[in-house]
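Computed over heavy atoms, backbone and side chain alike; hydrogens, waters and symmetry mates excluded.
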Amino acid sequence: QVQLVESGGGLVQAGGSLRVSCAASGRTFSVYVMGWFRQAPGKEREFAAGISVSGGSTVYADSVKGRFNISRDSAKNSFYLHMKDLKPEDTAVYYCAAEREQVSCWRLSEFDYWGQGRQVSVSS
């Protein structure tokens with residue numbers, strides 16, 4: 001089992017920056033990829049960013065590319081999503097997710113482990 005706990009986020013004005021963090025515990029050595037997903041009010045949860053734990057390769061949704069950066073600190077078993085130039089449409093609950101196998105499409109269904117979510121709100 002892998003346990004994930006998010007922290008950070010909060011409220012910021014448009015154009016500002018925030019960071020959400022994800023601390024992993026349990027069988028973290030078995031984690032292959034980590035992802036950040038988000039769910040806006042009234043919308044489905046969607047992929048935002050992902051990272052390969054071993055190689056560090058990253059992938060981003062088009063909507064956040066160039067503004068968000070996913071990173072990892074293997075020594076701390078932690079993952080981060082750095083967000084800049086935030087827009088009101090980035091307002092959502094942000095979830096970190098982990099998977100022990102390689103994923104192909106970064107779909108929700110490919111991830112077995114999820115955090116509880118952190119609110120990010122961007123005012124106009």
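At a threshold of 4.5 Å between non-hydrogen side-chain atoms, the residues Asp90 and Met83 do not count as touching. Contact annotation: the side chain of Ile70 approaches that of Trp36 to within less than 4.5 Å [non-hydrogen atoms, C-beta and beyond]. Considering only heavy atoms from C-beta on, Val5 comes within 4.5 Å of Gln116 through its side chain. A heavy-atom distance below 4.5 Å is not found between the side chains of Tyr32 and Val53. The shortest side-chain heavy-atom distance between Val20 and Val120 falls under the 4.5 Å cut-off. Counting only heavy atoms from C-beta outward, the side chains of Glu46 and Arg38 approach each other to under 4.5 Å.
Side-chain contact of Ser21 with Glu6: a donor-acceptor pair under 3.5 Å is absent, judged by distance alone. Side chains of Gln119 and Ser121: a donor-acceptor N/O pair is present below 3.5 angstrom, by distance only. With hydrogens and angles left out, the side-chain atoms of Asn69 and Tyr60 include a donor and acceptor closer than 3.5 Å. Between Tyr80 and Arg19, the side chains place no donor N or O within less than 3.5 Å of an acceptor N or O (distance only, hydrogens not considered).
Annotation: Glu101, atom CD; neighbour count of heavy atoms from other residues, nucleotides and ligands within 6.0 Å does not exceed 12.
Without hydrogens or angle criteria, Glu110 side chain to Ser104 main chain gives a donor-acceptor distance under 3.5 Å. Side chain of Arg67 to backbone of Ser63: a donor-acceptor contact under 3.5 angstrom is found. No side-chain donor-acceptor contact under 3.5 Å links Thr28 to the backbone of Ser25. Remark: the backbone N or O of Lys76 is paired with a side-chain donor or acceptor of Ser78 at under 3.5 angstrom. For the pair Arg118 (side chain) and Gly8 (backbone), a donor-acceptor distance under 3.5 Å is present. Between the side chain of Glu99 and the main chain of Val33, no donor-acceptor pair closer than 3.5 Å is present.
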Test Leu108 against Trp114 for side-chain contact (heavy atoms from CB on, under 4.5 Å), laying out the working first. CA-CA 10 Å; Leu108 276 70; Trp114 292 84; 4.0 Å; yes

Verdict with reasoning, Ser17 to His82, per side chain to side chain donor-acceptor pair (under 3.5 Å): CA-CA 8 Å; Ser17 300; His82 306 263; over 6 Å; no

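Tracing side-chain contacts under 4.5 Å through hydrophobic residues (I, L, V, M, F, W, Y), one reaches Val103 starting from Tyr95; they form part of the same cluster. There is no path of hydrophobic side-chain contacts, each under 4.5 Å, that joins Phe111 to Leu4. Val59 and Val31 fall into different hydrophobic clusters, where Ile, Leu, Val, Met, Phe, Trp and Tyr are joined by side-chain heavy atoms under 4.5 Å apart, directly or via other members.
Atoms CG and CE, from Leu81 and Met34 in turn, are 11.0 Å apart once rounded to the nearest 0.5 Å.
Taking both residues in full, the closest heavy atoms of Val12 and Leu18 are given as CG1-CD1, 3.7 Å, listed atom of the first, atom of the second, then distance. Between Val2 and Ala98 the shortest heavy-atom distance is CG1-CB, 4.5 Å.
Test Arg100, Arg27, Gln3 against Tyr113 for side-chain hydrogen bond (donor to acceptor under 3.5 Å, both in side chains) and you get one pass: Arg100.
Legend: residues meeting ring-ring contact (aromatic ring centres under 6.0 Å, His included) with Phe47, ordered by chain and number and at least two apart, are Phe37, Trp106.
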